[in-house]
Amino acid sequence: MKNKEIIRSFRLAVSLLELHDENPFKIRTYSNAVANLERVDVPLESLQISDLEHLEGIGKSIASKIFELNQTGSFPELDALLAATPPGVVDMLRIKGIGPKKIRVIWKELGVETAEDLLQACENNQIAALKGFGSKTQETIKNGLLYSESSKGKVHYATVEKYSNELVSFLQTNLQTNLVAVAGEVRRRLEIIETMLFIAAPPDPLQVPVLLQQRPELQFDEVKSGPFVWRGQETQTGVRVEVKIVAADSFYNALFQYTGAAAHLNSLYNDTDCLLQLVNQQKFASEEEIYQQAGLPYIQPELREGRQEIAWARENQLPDLITDEDLQGILHNHTTYSDGAHTLATMATYCRDQGYHYLGICDHSKAAFYANGLVEHRVKEQHREIDELNQKMSPFRIFKGIEADILADGSLDYNDDVLRTFDFVVASIHSNLKMEEKKATERLLGAIQNPFTTILGHPTGRLLLQREGYPIDYKTVIDACAFYKVIVEINANPWRLDLDWRWVDYALSQGVLLSINPDAHSTGGYHDMHYGVQVARKGGLTKEMTFNAWPLEKVTNYFEERRIKALAEVK
DNA sequence: GCCGTTTTCGGCCCGACTGTTTTCAGTCG
């Protein structure tokens, strides 16, 4: 069992223990164990019970539970807790804004055991009438339910990327043709995927369902399928799968038609004709040929959303999109100083060995107590270690950064004397996420105006498919970043991808630089940068405007100049 | 349930906010 799955099981156990009103100290122990397990960087399944017991926060009891999880996929106490809880109540734990205590009340007092009943209870005002509840809590629950309902069957792009490539290879190999490709949302690199769509031109259409039947993870939906379309579901993720079967000479027409969003296909490429009409008129031997026929340069799939790519193409102004290989360094990363899994030295070495030239360490600041945020003397300690490593690892460079919490009033949680010791500062909101647009925007503006703020971190705090970000006035925030020369982060974590790519072109139009930051909490986290690049490309981001695609020297100078300017301002 | 002893019991991480209260419990990060 992977560490992540083990941790997930214990997290569930924590919630269930809370739900069943168990001893709070026992709950705290489990919860501590989760926090400690997150920092373990060896596979837990490789450890014996005696090794497990030596881990911090893990005693005899939890050690044997971890061991049993590995053997059987569960442990008796978890099974017992699950058996004592209706599945619908377990699902309710996912709703943001209410926790186990409130769920317990709803379950016990009202006998609500499913999401449907819960929604009904909200509609009937039964929730608001409960002791300790009110109309706002009821509204929160209702919104949470509707949000999770709307998230059903949807997954993050990162969840399907590898799988969809594998399925293409599988079909190509077994159909003995190269004419199989990913289309649709996945090819356009949308951050959320509802359907994995494939186009295949097999020698014999009947081969496709036969082959797909060999895949145990795929469930066939006979009713929705036809002779030239296979529809079903990938059962691990619940995401829909669709394979369109076409003749070889229609392959590129189909690929084109099922890649672009409707708005792209319906766009006029001259004064009278749209791309869809064009592609219905004749057969093409490549997508390049289609655009050529339309008198346009080739448009990358991720841009085909029907926004302004046609206008760009018509003026020959298509951006030269950023690539994974363009990135020179990795900014905004955590270490064991705060809530990361790997030490500073490990994070630095791995970064260098991946071929990058610089690393920005941005552990949590002191207000983030829950994440072991750095109080002032630990900042100094970290800076000493960075100095030492920089000596050893030169010309590779570690920048002293911090992810400073933006407090409720828009100020940062260190004073200027501390802020001045960093090479750069990523300012992010982590607390009080429930805000009106005006308050959230003003809070961000406060941070943007701080002369020490270098980068604005995950601007909306959203967690895709889990919670919406706080609402912000994007234009005002981006305009302020332009005015105060603050770089905007594209947080590359597949759950965040925040700044949303739909605002990248506006930021660029205002001259705002963007930085693709993984927010890595382990060395593996660096690889999330790939997802950041994907959405950045959708937004039209170029190498020139990607801050961490700049070479080391240029980045060093930028930080230095900004710091000097900040020091002059606060004097 | 874990830990660290004043070493087999007793104590056990925060701070802010919200929504509900009318002094505080629940939730979040």
Exercise for the section: Check whether NZ of the Lys or CZ of the Arg A/Lys65 lies under 6.0 Å from the centre of the six-membered ring of A/Phe10 and within 45 degrees of that ring's axis. Expected result: no
Problem - 5'-most by nearest nucleotide on DNA chain B - A/Lys136 or A/Ala63 - result: A/Ala63
Practice task
Specify the separation, in whole Å, of atom CZ of A/Arg443 and atom C1' of B/dA16.
Solution key: 10 Å
Practice task
Would you confirm whether A/Gln138, through its side chain, and A/Ala128, through its main-chain N or O, come within 3.5 Å as a donor-acceptor pair?
Solution key: yes
Fill in the blank from the handout: Rounded to whole Å, NZ of A/Lys131 lies from P of B/dG19 at a distance of 18 Å
Completion exercise
If pairing means Watson-Crick or G-U wobble with both distances under 3.5 Å, then the partner of B/dG4 is B/dC9
Handout entry: d(NE2, A/His430; P, B/dC17) in whole Å
Key = 16 Å
Problem - Length of the CG-P vector between A/Asp339 and B/dC14, whole Å - result: 18 Å
Completion exercise
For A/Ala482 and A/Gln510, the nearest pair of non-hydrogen atoms, with its separation, is CB-O, 3.5 Å
Practice task
For B/dT8 and B/dT18, measure between their C1' atoms and round to the nearest Å.
Solution key: 43 Å
Practice task
Write down the distance separating the C1' atoms in B/dT22 and B/dG15, rounded off to the nearest Å.
Solution key: 22 Å
Practice task
Determine, for A/Glu388 against A/Arg384, whether the closest basic-nitrogen to carboxylate-oxygen distance falls under 4.0 angstrom.
Solution key: no
Practice task
Using the C1' atom on both, measure B/dT7 against B/dC2 and round to a whole Å.
Solution key: 14 Å
Exercise for the section: Name the nucleic acid region contacted by A/Ile27, choosing base, sugar-phosphate or nothing; use a 4.0 angstrom heavy-atom cut-off, strictly under. Expected result: nothing
Problem - Whether A/Glu234 side chain and A/Val239 backbone form a donor-acceptor pair below 3.5 Å - result: no
Exercise for the section: Scan A/Ser61 against the nucleic acid and name what it touches under 4.0 Å (heavy atoms): base, sugar-phosphate only, or nothing. Expected result: sugar-phosphate
Problem - C1'-based separation of B/dC3 from B/dC13 [nearest Å] - result: 14 Å
Exercise for the section: Using the P atom as the reference point in each nucleotide, state the distance between B/dT5 and B/dG1 in Å, no decimals. Expected result: 22 Å
Expected rows: protein N/O vs nucleotides 25-28 of chain B N/O, under 3.5 Å:
{"unit_1": "B/dT27", "atom_1": "OP1", "unit_2": "A/Gly99", "atom_2": "N", "d": "2.3"}
{"unit_1": "B/dT27", "atom_1": "OP1", "unit_2": "A/Gly99", "atom_2": "O", "d": "2.9"}
{"unit_1": "B/dT27", "atom_1": "OP1", "unit_2": "A/Lys102", "atom_2": "N", "d": "3.2"}
{"unit_1": "B/dT27", "atom_1": "OP2", "unit_2": "A/Lys101", "atom_2": "N", "d": "3.3"}
{"unit_1": "B/dT27", "atom_1": "O5'", "unit_2": "A/Gly99", "atom_2": "N", "d": "3.2"}
{"unit_1": "B/dC28", "atom_1": "OP1", "unit_2": "A/Gly97", "atom_2": "N", "d": "2.9"}

Practice task
Examine B/dT20: is either OP1 or OP2 under 4.0 Å from a nitrogen or oxygen in the side chain of A/Thr137? Give yes or no.
Solution key: yes
Problem - A/Phe559-A/Phe399 aromatic ring centre distance below 6.0 Å - result: yes
Exercise for the section: Keeping the roles fixed (side chain from A/Asn124, backbone from A/Gln126), state whether a donor-acceptor pair exists under 3.5 Å. Expected result: no
Handout entry: Ring-ring centroid check A/His383 A/Phe422, cutoff 6.0 Å
Key = yes
Problem - B/dC9 and B/dC14, which share atom name C1', separated by this distance in whole Å - result: 26 Å
Handout entry: Sugar-phosphate, base or nothing in reach of A/Thr140, heavy atoms under 4.0 Å
Key = nothing
Practice task
Using the P atom as the reference point in each nucleotide, state the distance between B/dC17 and B/dG11 in Å, no decimals.
Solution key: 32 Å
Exercise for the section: Check whether any side-chain N or O of A/Asn390 sits under 3.5 Å from a backbone N or O of A/Arg397 as a donor-acceptor pair, and report yes or no. Expected result: no
Practice task
Determine the Euclidean distance between corresponding P atoms of B/dG26 and B/dT20; express it in Å to zero decimal places.
Solution key: 14 Å
Problem - Aromatic ring proximity A/Phe547/A/Tyr558, centre distance under 6.0 Å - result: yes
Exercise for the section: Could you check which of B/dG19, B/dC17, B/dG1 has an atom nearest any side-chain atom of A/Ala408? Expected result: B/dC17
Fill in the blank from the handout: Taken to the nearest whole Å, CG/A/Leu81 to C1'/B/dG1 is 14 Å
Exercise for the section: Provide, to the nearest angstrom, the distance between the CG atom belonging to A/Leu78 and the C1' atom belonging to B/dG1. Expected result: 16 Å
Handout entry: Stepwise side chain to side chain donor-acceptor pair (under 3.5 Å) test for A/His377 and A/Glu381
Key = CA-CA 6 Å; A/His377 75 271; A/Glu381 200 183 310; 4.8 Å; no
Fill in the blank from the handout: When rounded to whole Å, the CZ to C1' distance for the pair A/Phe10 and B/dC2 reads 13 Å
Please tabulate the protein-to-nucleotide N/O contacts below 3.5 Å involving nucleotides 7-13 of chain B, giving atom names and distances.
{"unit_1": "B/dC13", "atom_1": "N4", "unit_2": "A/Asn32", "atom_2": "OD1", "d": "3.3"}

Problem - Spacing of A/Glu53 atom CD relative to B/dG1 atom P, expressed in whole Å - result: 14 Å
